[in-house]
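See below for the structure under consideration.
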Amino acid sequence: MTIFVLTGAGISAESGLGTFRDPGGLWRRFDPMRLATPEAFAREPEEVHAFYNLRRQGVREAAPNAAHAALARLEASLAARGRRLFLCTQNVDDLHERAGSRTVTHMHGELMRARCTACGAARDWAEPLSLDTACPACGRRGGMRPDVVWFGEMPLHLEAIDAALDEAALFVAIGTSGAVYPAAGFVARARAAGIPTHEINLAPSDTAGLFDTATYGPATRAVPDFVE
Ligand SMILES: CC(C)NC(=O)[C@H](Cc1c[nH]c2ccccc12)NC(=O)[C@H](CCCC/N=C(/NCCC(=O)O)S[C@H]1O[C@H](COP(=O)(O)OP(=O)(O)OC[C@H]2O[C@@H](n3cnc4c(N)ncnc43)[C@H](O)[C@@H]2O)[C@@H](O)[C@H]1O)NC(=O)OCc1ccccc1
């Protein structure tokens with residue numbers, strides 16, 4: 001038996017990492033088409049590096065919160081009973097792992113990793129990136145980019161996500177507005193397969209109407225309550 005949990009920026013909000021679409025959110029202050037697309041990186045690489053270096057610094061200074069910790073506990077308690085938690089996140093931070101989650105599927109990539117656009121090598125990366133950064137694998141400069149999925153790019157691990165959705169006994173979305181696809185389409189897919197769906201969020205999301213049940217409140221309270 002698998003429980004499928006999808007998380008978004010809302011689960012990391014109380015760790016001090018801003019969300020995207022809330023008042024003061026990242027996409028309210030910065031234009032995603034100028035910073036989070038392959039075209040933007042080709043046009044203004046240093047501007048894109050500055051944006052992601054700032055966010056990488058923010059992630060290093062942040063700490064996991066009670067909602068991340070509760071999901072790590074849920075993973076362990078399900079495993080102890082021969083069951084599985086499939087934790088799929090849209091977040092590029094590493095707070096799930098730092099809270100103790102063993103298996104996290106980052107469908108939009110990871111900010112604490114970098115990839116070379118010349119040779120494709122990808123690795124853990126905590127330092128700032130710039131056009132001068134040389135790829136440790138091929139030595140070429142100027143091709144290193146944050147290992148995240150930009151708008152217009154194919155999300156990661158879609159086959160594993162599809163397979164987990166097929167066998168899920170419950171679908172739970174936590175801290176996501178349901179504004180970005182294909183992630184925003186998962187609840188409709190689960191519903192169509194007759195899988196019970198539950199939303200945990202500060203306020204109803206764009207897809208709230210597709211959930212059977214919901215809990216509204218801050219994740220650090222609502223997620224531990226749900227797990228216990
Ligand atoms: C804007 C939107 C309309 N555009 C898209 O969806 C596009 C285009 C598109 C594709 N299909 C479509 C169909 C219809 C329309 C458009 C499309 N999608 C793509 O380009 C995707 C790639 C999208 C990925 C882009 N990269 C990100 N991030 C990484 C980089 C980076 O981080 O810089 S997206 C980024 O924004 C999204 C933000 O959403 P949320 O996480 O939900 O955050 P948000 O701020 O919106 O909401 C926060 C929520 O938390 C709540 N909250 C706040 N505080 C708390 C709190 N304390 N407690 C609890 N909840 C809280 C709030 O109430 C709120 O509801 C996340 O996915 C996040 O990863 N690629 C693709 O489609 O490839 C082809 C394809 C198609 C089909 C199948 C295969 C391939």
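Numbering of ligands and ligand atoms starts at 1, following listing order.
The shortest N or O to N or O distance between G152 and ligand 1 is under 3.5 Å. The distance criterion of under 3.5 Å between nitrogen or oxygen atoms is not met by N91 with respect to ligand 1. Taking only nitrogen or oxygen atoms, main chain and side chain alike, W150 does not reach within less than 3.5 Å of ligand 1.
Between H49 and T133, the side chains place no donor N or O within less than 3.5 Å of an acceptor N or O (distance only, hydrogens not considered). Side-chain polar atoms of H68 and E97 form no donor-acceptor pair below 3.5 angstrom. Under 3.5 Å, the side chains of T220 and N65 contain no donor-acceptor pair of N or O atoms. Side-chain N/O atoms of E199 and S205 include a donor and acceptor closer than 3.5 Å. T89 and H106 share no donor-acceptor pair across their side chains, judged by distance under 3.5 Å alone.
The shortest contact between atom 37 (C) of ligand 1 and any protein heavy atom is with V180 CG2, 3.6 Å. The nearest heavy-atom contact from the protein to atom 76 (C) of ligand 1 is P182 CD, 4.7 Å. Looking from atom 53 (C) of ligand 1 to the surrounding protein, the closest heavy atom is D22 OD2, 3.4 Å. Looking from atom 55 (C) of ligand 1 to the surrounding protein, the closest heavy atom is G10 O, 3.6 Å. Here the protein heavy atom with the shortest distance to atom 66 (C) of ligand 1 is Q90 OE1, 3.5 Å. Remark: minimum distance from atom 24 (C) of ligand 1 to any protein heavy atom is reached at H108 NE2, 3.5 Å. Here the protein heavy atom with the shortest distance to atom 39 (O) of ligand 1 is R21 NH1, 3.6 Å. If you check which protein heavy atom lies closest to atom 44 (P) of ligand 1, you get S177 OG, 3.6 Å.
Less than 4.0 angstrom separates atom 74 (C) of ligand 1 from none of the non-hydrogen atoms of the protein. Per-atom contact check: atom 79 (C) of ligand 1 touches the protein, criterion being a heavy-atom distance below 4.0 Å. Less than 4.0 angstrom separates atom 19 (C) of ligand 1 from at least one non-hydrogen atom of the protein.
A cation-pi arrangement, defined by a distance under 6.0 Å to the six-membered ring centre and an angle within 45 degrees of its axis, is present between R145 and W150.
Checking A219, A9, P155, P204 against atom 41 (O) of ligand 1, the nearest heavy atom belongs to A9. By heavy-atom distance, the residue among G175, A203, A183 lying nearest atom 48 (C) of ligand 1 is G175. Selection from F20, F51, Y181 by nearest heavy atom to atom 11 (N) of ligand 1 gives Y181. Summarising the contacts of atom 65 (O) of ligand 1 with T19, T89, N201, N65, the nearest heavy atom is found in N201. Of the candidates V149, T37, L202, L6, the one placing a heavy atom closest to atom 59 (C) of ligand 1 is L202.
Residues V223 and V227 meet the side-chain proximity criterion, which asks for heavy atoms closer than 4.5 Å. Within the 4.5 Å cutoff, side-chain heavy atoms of F86 are placed close to those of I161.
Close approach of ligand 1 to L158 (heavy-atom distance below 4.0 Å) involves ligand atoms 79 (C). Per-residue contacts place G8 under 4.0 angstrom from the following atoms of ligand 1 (heavy atoms of the residue considered): 41 (O). Near Y52, the atoms of ligand 1 lying under 4.0 angstrom from a non-hydrogen atom of the residue are 30 (C), 31 (C), 33 (O). Under a 4.0 Å criterion applied to the non-hydrogen atoms of M154, ligand 1 contributes the atoms 79 (C), 80 (C). With ligand atoms numbered from 1 in the order given, ligand 1 contributes 21 (C), 22 (C), 70 (N), 71 (C), 73 (O) to contacts under 4.0 Å with heavy atoms of E153. Close approach of ligand 1 to P218 (heavy-atom distance below 4.0 Å) involves ligand atoms 58 (N). Near E14, meaning under 4.0 Å from one of its heavy atoms, ligand 1 places the atoms 56 (C), 57 (N), 58 (N).
A salt bridge links E228 to R73: at least one charged side-chain nitrogen sits closer than 4.0 Å to a carboxylate oxygen. For R84 and E167, the salt-bridge test passes: some basic side-chain N is under 4.0 Å from an acidic carboxylate O. A salt bridge links D124 to R113: at least one charged side-chain nitrogen sits closer than 4.0 Å to a carboxylate oxygen. The residues D166 and R189 are annotated as salt-bridged, a charged nitrogen and a carboxylate oxygen being separated by less than 4.0 angstrom. A salt bridge is defined here as a Lys NZ or Arg NE, NH1 or NH2 lying under 4.0 Å from an Asp or Glu carboxylate O, and R115 with E110 fails to meet this definition. For R34 and E47, the salt-bridge test passes: some basic side-chain N is under 4.0 Å from an acidic carboxylate O. A salt bridge does not link R98 with D93: none of the charged nitrogens is closer than 4.0 Å to a carboxylate oxygen.
Here L6 contributes atom CG and I200 contributes atom CD1; the two are 11.5 Å apart, rounded to the nearest 0.5 Å. Note that CD1 of I11 is 13.5 Å distant from OG1 of T19, once rounded to the nearest 0.5 Å.
Under a 4.0 Å heavy-atom criterion, A179 is in contact with ligand 1. Using a non-hydrogen distance threshold of 4.0 Å, G25 does not register as a contact of ligand 1. Within the structure, the closest approach of R55 to ligand 1 falls below 4.0 Å when heavy atoms are considered.
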